[in-house]
Structures are given as structure tokens and as C-alpha cells.
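Shown next, in C-alpha cells, is the structure this report addresses.
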Amino acid sequence: MTTNRRILNFIDGRCVEGRGRWFEDINPADGEVVAEVSEATAADVDAAVSAAKRALAGPWGKLGVEERAALLHKVADGIMARLDDFVAAEMADTGKPLMPTRMGEIPRAAGQFRVFAEIGRVTPMEMFESAMPDGRRALNLVHRVPRGVVAAICPWNLPFMLLTWKVAPALICGNTVVVKPSEETPATAALLGEVMTAAGIPEGVYNVVHGFGPDSAGEFLTTHEGVDAITFTGETKTGEAIMRAAAVGTRGVSLELGGKNAGIVFADCDFAAAVAGETKAAFHNCGQICLGNERLYVERPIFERFVEALAEAARGLRMGDPMDKATQIGPLISRQHREKVLGYMEQARAAGAEVHAGGGIPALGDPFDRGAWIEPTLWTGMAEDAAAVREEIFGPCVHVAPFDDEDEVRALVNDSPYGLTATLWTRDLDRVHRLAPALEVGVVWVNDWMVRDLRTGFGGAKGSGIGREGGVHSLHFYSETRNVCIRT
Ligand code: NAD
Ligand code: 6OD
């Protein structure tokens with residue numbers, strides 16, 4: 001099918017056709033083209049960065065934090081008033097099921113504007129009075145000033161939630177932004193432009209440029225000398241390229257990158273809760289979530305029973321029409337990504353994996369057979385150095401291995417180039433206190449998975465990133481302190 005829907009860049013408060021080519025936005029649930037997207041060239045990116053620079057010196061730059069907070073609340077209201085539009089746009093870009101999109105991701109994205117409005121409003125200014133050697137005193141007033149123009153490079157897996165996690169704190173700190181959404185998921189970033197305008201956010205404060213990474217809008221933006229700081233969420237390899245770009249001009253960079261997260265299940269756990277939690281951790285969003293667990297270590301006495309229960313849960317997950325409220329799992333983001341995941345499935349078999357659930361493409365009938373669906377897959381029996389156990393797959397695949405004691409499992413979990421999250425299932429509180437701080441990750445969940453308060457910091461160790469975003473940690477990245485030391 002061809003479509004009449006066009007998605008344009010959003011520059012200086014206006015929808016603008018880029019000077020690049022048009023590319024297709026495809027719904028991976030059924031392979032339909034849902035929109036044609038206008039690619040931004042280097043000149044278009046330059047126009048967006050220039051607009052963002054001008055906006056810093058305009059009315060936006062004169063607002064106080066209270067006024068910016070009020071505008072952010074209006075943006076949140078605007079998103080929720082158009083909830084149906086945002087849900088439809090996100091579902092069309094990703095094939096995600098209705099319920100998690102409508103009940104979870106889009107309201108959570110709107111919530112970012114409220115949370116950061118309040119965090120910005122209530123975070124006190126630091127002030128220190130110092131005694132000077134001559135007996136007089138000095139008052140240190142620590143101002144928080146915006147960094148300037150922030151480039152936000154976003155991934156496709158939770159498109160709107162991850163984009164707003166950057167835009168909301170950047171704006172409350174007084175920056176202006178140029179966003180480059182993933183080429184796979186341009187729609188909600190574009191819709192947000194309409195909401196920003198309706199909320200009264202001045203022209204040039206929020207800009208969107210569409211396109212790809214290398215030799216396209218992503219690279220043009222991260223290498224633009226007018227950009228003062230870069231926030232990136234995506235693959236570790238891309239993060240390395242972006243860090244190199246940020247080195248020129250010594251710009252600030254925040255990197256939220258990949259993961260190969262582990263779940264650890266002790267024999268004393270609440271068995272049913274651990275099975276249910278790990279079913280989500282392995283297969284939610286079709287495994288396309290940086291927090292997902294692709295490695296699972298289960299204490300030997302319950303290993304076989306756990307594998308059986310998790311395999312049964314995986315086989316029971318409902319796939320199909322994303323509009324059906326009962327659908328739990330959507331497709332992968334694209335056929336191209338499915339090829340990558342299928343490649344790992346082949347490698348897993350070659351590495352001696354026993355397949356307990358899934359392992360292939362489901363037969364869902366027309367029109368979904370034209371999509372990018374794949375079965376939730378559970379393996380056992382691979383060595384720790386197998387590619388499917390060591391590398392991030394970013395699909396609904398989990399390898400389960402037995403362990404015998406705490407030291408062993410700690411070493412297994414930490415033996416990874418990544419360090420984003422870990423999930424611990426046990427009733428032994430002493431063990432939690434011993435083991436959790438010894439895991440080389442940014443977040444440890446205990447007896448649950450993916451319950452993050454928006455006010456808390458998030459980020460990874462090792463190859464999973466640099467810096468923490470979320471809560472007051474975002475203010476540290478999106479602003480700089482300026483100490484004014486006044487002798488009294
Ligand atoms: P990706 O790195 O392929 O792309 C992310 C964004 O970067 C896209 O907008 C892309 O166009 C752009 N890009 C690519 N190359 C670029 C370059 N050279 N210069 C500038 N921009 C460039 O990632 P993805 O496939 O969209 O997302 C999946 C990855 O993101 C997974 O590795 C996942 O673990 C990671 N992720 C991490 C977190 C986290 O918080 N740590 C959250 C979500 C996703
Ligand atoms: O919602 C969150 O708190 C969160 N950390 C989401 C990250 C998703 C990564 O893909």
C-alpha cells in the first residue's frame with residue numbers, strides 16, 4: 001500500500017520539508033507503509049541548530065523555572081488530550097500492542113514533563129557561606145545555567161518515552177533541543193511539535209530533524225559545531241561514534257547504551273512471582289528493551305522446574321492483532337532486525353542450544369505474515385562464551401543456565417562487557433545486601449522487574465553507558481553550575 005501521510009521536519013516552530021529524499025515508515029505488524037518521511041540534509045540540520053540557538057536568546061531564555069515548569073505541565077496536558085493520536089502513531093511505527101502503549105508508555109512519557117517540571121521547580125539553589133582567612137566571609141551562590149543547544153539522538157524501542165526523557169529535563173533547565181528520532185519511529189516526535197506549539201513553547205525551542213545515522217541527520221547533528229551537548233540512547237557501537245563526535249569542541253555527552261542483563265533466581269524465591277517476572281523481563285516489547293533479561297541463572301535445585309514453567313509461559317504469550325486488548329507481544333521493529341535475531345537463533349543451535357520454546361517465525365495469517373514477527377524463545381545448554389549468551393540480541397530470546405552458589409553467580413553476571421541492570425529473586429534479605437551492591441550494573445531489581453520511579457537516576461556501567469539520567473541526575477547533565485562567590 002502507498003500512503004498519503006507525510007511526516008515533515010519541525011524547525012523553528014514550523015513543519016518543513018527537508019531537502020533530502022523521502023523514506024518509508026513501515027508498520028512491522030503487517031509491512032504496510034504508514035507514512036513517507038522527509039529526510040533532513042546538513043543544511044536542514046543547520047537551520048534547526050540555528051533556530052535553537054536563536055531561541056536561547058529570545059523569550060525562552062528570559063523565562064524563570066516557574067514559568068518553564070508551567071509550560072511543561074501544559075505539554076503533558078496536551079499529550080494526554082491527544083492520547084489516542086499518540087497511541088495510534090506509536091503503534092503504527094512499531095506494531096506494539098494497544099494495552100502497554102496506551103496504559104504504559106505514552107502516559108509515562110507525558111509524566112516525564114510533569115516530573116521534571118516539579119524537580120526543576122523544587123530543586124534548591126546551593127548556597128555556602130565561607131569563612132575567609134582575614135576574618136570576613138564570602139557567600140557562594142551556585143546558579144544552574146542551561147548548556148545551550150542540546151542534540152537528542154533517540155532509538156526506536158520505546159520511542160516517545162525515551163525521547164521525552166531527554167526533552168523534558170533539557171527544557172526545564174532552559175536549553176533548546178534538536179531531536180533526531182530513529183528513522184524507524186519518526187511519528188510521535190513530529191506530533192510532539194504540534195503539542196509544543198499549542199502549549200505555547202516558543203518557536204525554535206523544540207526542533208525535530210528526520211533521517212538516519214551515518215552521512216545523514218544523525219551524523220550532521222552530532223558533528224554540528226553549534227550543538228553544546230549530546231544525549232544519546234542506542235547501541236554501544238553508535239555511542240562510541242557519538243562520543244568521538246562530542247570530543248570535537250569538548251561537548252558534554254550522556255550515553256544510555258546496550259545491555260546483556262541477567263536475572264538471578266535463587267531456590268528460596270517466590271517461584272510463581274519469579275516465573276511471571278522473568279516472563280516479562282525476557283519477552284516484554286518482544287525483547288526489544290534495554291532492561292530485558294537475555295541471560296538467566298537459576299539455582300540448581302529448581303533449575304529444571306523453572307525452565308519448564310518459563311517455557312510454558314513463553315508458549316502461552318499471545319501474539320497477533322496489536323489492536324486486540326489481549327495481545328501481549330508485538331513484532332520486532334523490522335524485517336531487517338528479524339534477520340539479525342534469526343541469525344542468533346541459528347548460531348544458538350550451532351552452539352548446542354536446546355530449544356524449549358519458540359525458535360522461529362509464528363504463523364499468524366494475513367496480514368501479519370507480512371510483518372516482522374518472531375516467537376518468544378527459550379534456550380538452555382550453551383557455553384557462556386557463545387555469541388547468543390554474550391552479545392546483545394535485542395529480541396525475545398533468553399538463555400537459562402544453572403548455578404550452585406552466590407560467588408559463582410556473581411562472577412557469571414559480572415563477566416560481561418555490559419552492565420545495565422540485574423534482577424534478583426530471593427527471600428533472603430542478607431543475600432540481597434551482600435549480592436546486589438556487588439553486581440557491576442546501574443540498577444538491581446529485587447523480586448520485581450522494571451519498576452523505576454521517574455525520579456530516580458538510570459544508566460549503565462561498562463559498555464552500557466556513561467552518566468545517569470532521571471530525576472535530579474538529569475539536571476546535572478542538562479545544566480552547568482556557575483558559582484558566584486560574593487565577599488560579604
Ligand atoms: P542505534 O544505535 O542503531 O540508533 C539509535 C539512534 O542513533 C538512531 O536515531 C540512529 O539513526 C542514530 N544513529 C546511528 N548511527 C549514528 C551516528 N553515527 N551518528 C549519529 N546518530 C546515529 O540504536 P537502535 O537500534 O535505535 O536502538 C536499540 C539499541 O538501543 C539497543 O542496543 C538497546 O540496548 C539500546 N537502548 C539503550 C537504552 C538505555 O537506556 N541504556 C534504552 C533503549 C535502547
Ligand atoms: O521506563 C524506564 O524507567 C526505563 N528505564 C526504560 C528504559 C528502556 C530501555 O529500553
Side-chain angles (χ1 to χ4, degrees), residues 23 37 39-40 45 93-94 100 104-109 111-112 115 151-166 178-186 189 208-224 227 230-246 253-261 281 284-292 294 332-334 336-337 340 391-395 418-421 441-443 445 449-471:
F23 63 93
V37 188
E39 187 185 16
V45 169
D93 275 3
T94 60
E105 287 180 39
I106 303 296
R108 190 164 168 81
Q112 304 271 25
V115 164
I153 311 285
C154 305
W156 46 256
N157 64 320
L158 308 180
F160 196 49
M161 158 65 197
L162 295 172
L163 178 148
T164 53
W165 194 348
K166 300 178 184 305
V178 182
V179 171
K180 211 296 280 173
S182 167
E183 53 274 30
E184 305 282 2
T185 53
V208 183
V209 291
H210 295 293
F212 302 79
D215 203 25
S216 184
E219 185 180 331
F220 301 147
L221 181 57
T222 51
T223 55
H224 195 292
V227 165
I230 304 170
T231 169
F232 170 74
T233 300
E235 278 188 33
T236 299
K237 272 218 163 319
T238 316
E240 289 170 1
I242 285 176
M243 200 167 173
R244 280 192 289 274
V253 64
S254 171
L255 302 174
E256 301 286 354
L257 307 177
K260 187 74 181 179
N261 312 304
H284 179 73
N285 209 39
C286 200
Q288 303 164 114
I289 188 149
C290 61
L291 323 164
E294 293 186 357
L332 291 170
I333 190 66
S334 63
Q336 193 190 356
H337 187 46
K340 178 183 158 190
E391 296 170 13
E392 182 187 49
I393 299 172
F394 223 53
Y418 295 107
L420 194 55
T421 73
V441 295
V443 183
W445 281 293
W449 174 79
M450 201 180 158
V451 277
R452 191 187 71 86
D453 190 305
L454 290 177
R455 294 168 297 182
T456 61
F458 178 83
K462 300 192 269 189
S464 291
I466 292 182
R468 296 289 178 271
E469 294 198 36

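As the structure lists them, so they are numbered: ligands from 1, and atoms in each ligand from 1. Everything quoted here is computed from the prediction, not taken from an experiment.
For atom 3 (O) of ligand 2, the closest heavy atom belonging to the protein is Arg452 NE, 2.6 Å. Looking at atom 35 (C) of ligand 1, its nearest protein heavy atom turns out to be Gly234 O, 3.3 Å. Summary of contacts: the protein heavy atom closest to atom 37 (C) of ligand 1 is Leu257 O, 3.0 Å. Given atom 32 (O) of ligand 1, the protein heavy atom at minimum distance is Glu392 OE1, 2.6 Å. The protein atom (non-hydrogen) at minimum distance from atom 36 (N) of ligand 1 is Cys290 CB, 3.7 Å. Of the protein's heavy atoms, Pro155 CB, 3.5 Å lies nearest to atom 27 (O) of ligand 1. Residue, atom and distance of the protein heavy atom nearest to atom 25 (O) of ligand 1 are Trp156 NE1, 2.8 Å. Of all protein heavy atoms, the one lying nearest to atom 15 (N) of ligand 1 is Thr238 CG2, 3.1 Å. The closest protein non-hydrogen atom to atom 8 (C) of ligand 2 is Cys290 SG, 3.3 Å. For atom 12 (C) of ligand 1, the nearest protein heavy atom (residue, atom name, distance) is Ile153 CG2, 3.6 Å.
For Glu469 (side chain) and Ser254 (main-chain N/O), no donor-acceptor pair under 3.5 Å exists by modelled atom type. For Trp156 (side chain) and Asp93 (main-chain N/O), no donor-acceptor pair under 3.5 Å exists by modelled atom type.
Note: no N/O pair closer than 3.5 Å links Trp165 and ligand 2 by distance alone. Residue Ser464 has no nitrogen or oxygen atom sitting less than 3.5 Å from a nitrogen or oxygen atom of ligand 1, judged on distance alone. Checking only distances, Met450 never comes within under 3.5 Å of ligand 2, N or O to N or O. Considering backbone and side-chain N/O atoms, Thr233 never comes within less than 3.5 Å of an N/O atom of ligand 1. For Thr236, no nitrogen or oxygen atom sits less than 3.5 Å from a nitrogen or oxygen atom of ligand 1, counting backbone and side chain alike.
Per-residue contacts place Glu256 under 4.0 angstrom from the following atoms of ligand 1 (heavy atoms of the residue considered): 37 (C), 38 (C), 39 (C), 40 (O), 41 (N). Atom numbering of ligand 1 starts at 1 in the shown order; those under 4.0 Å from a heavy atom of Lys180 are 8 (C), 9 (O), 10 (C), 11 (O). Interface atoms of ligand 2 facing Met161, defined by a heavy-atom separation under 4.0 Å, are 1 (O), 2 (C). Numbered from 1 in the order shown, with element, the atoms of ligand 1 that lie under 4.0 Å from a heavy atom of Ser182 read 9 (O). Heavy-atom contacts of Phe458 reach the following atoms of ligand 1: 40 (O) (cutoff under 4.0 Å). Using a 4.0 Å cut-off to heavy atoms of Arg108, the atoms of ligand 2 that qualify are 1 (O), 2 (C), 3 (O). Those atoms of ligand 2 with a heavy atom of Asn157 less than 4.0 angstrom away are 9 (C), 10 (O). Atom numbering of ligand 1 starts at 1 in the shown order; those under 4.0 Å from a heavy atom of Asn157 are 43 (C), 44 (C). Close approach to Phe232 involves these atoms of ligand 1, each under 4.0 Å from a residue heavy atom: 2 (O), 5 (C), 6 (C), 7 (O).
Using a non-hydrogen distance threshold of 4.0 Å, Ser216 does not register as a contact of ligand 1. For Cys154, the closest heavy-atom approach to ligand 1 falls below 4.0 Å. Residue contacts with ligand 1: Gly460 is excluded, as none of its non-hydrogen atoms falls under 4.0 Å. Not a single heavy atom of Glu256 lies less than 4.0 angstrom from ligand 2.
Only the side chain of Leu420 comes within 4.0 Å of ligand 1, judged by heavy-atom distances. Within the 4.0 Å heavy-atom criterion, the part of Leu158 lying near ligand 2 is the side chain and not the backbone. Contacts between Lys237 and ligand 1 below 4.0 angstrom, taking non-hydrogen atoms only, are absent altogether. The side chain of Glu183, and not its backbone, has at least one atom closer than 4.0 Å to an atom of ligand 1 (non-hydrogen atoms only; side chain from C-beta on).
Between Ile289 and His284, the shortest heavy-atom distance links the atoms CG2-O, 3.9 Å.
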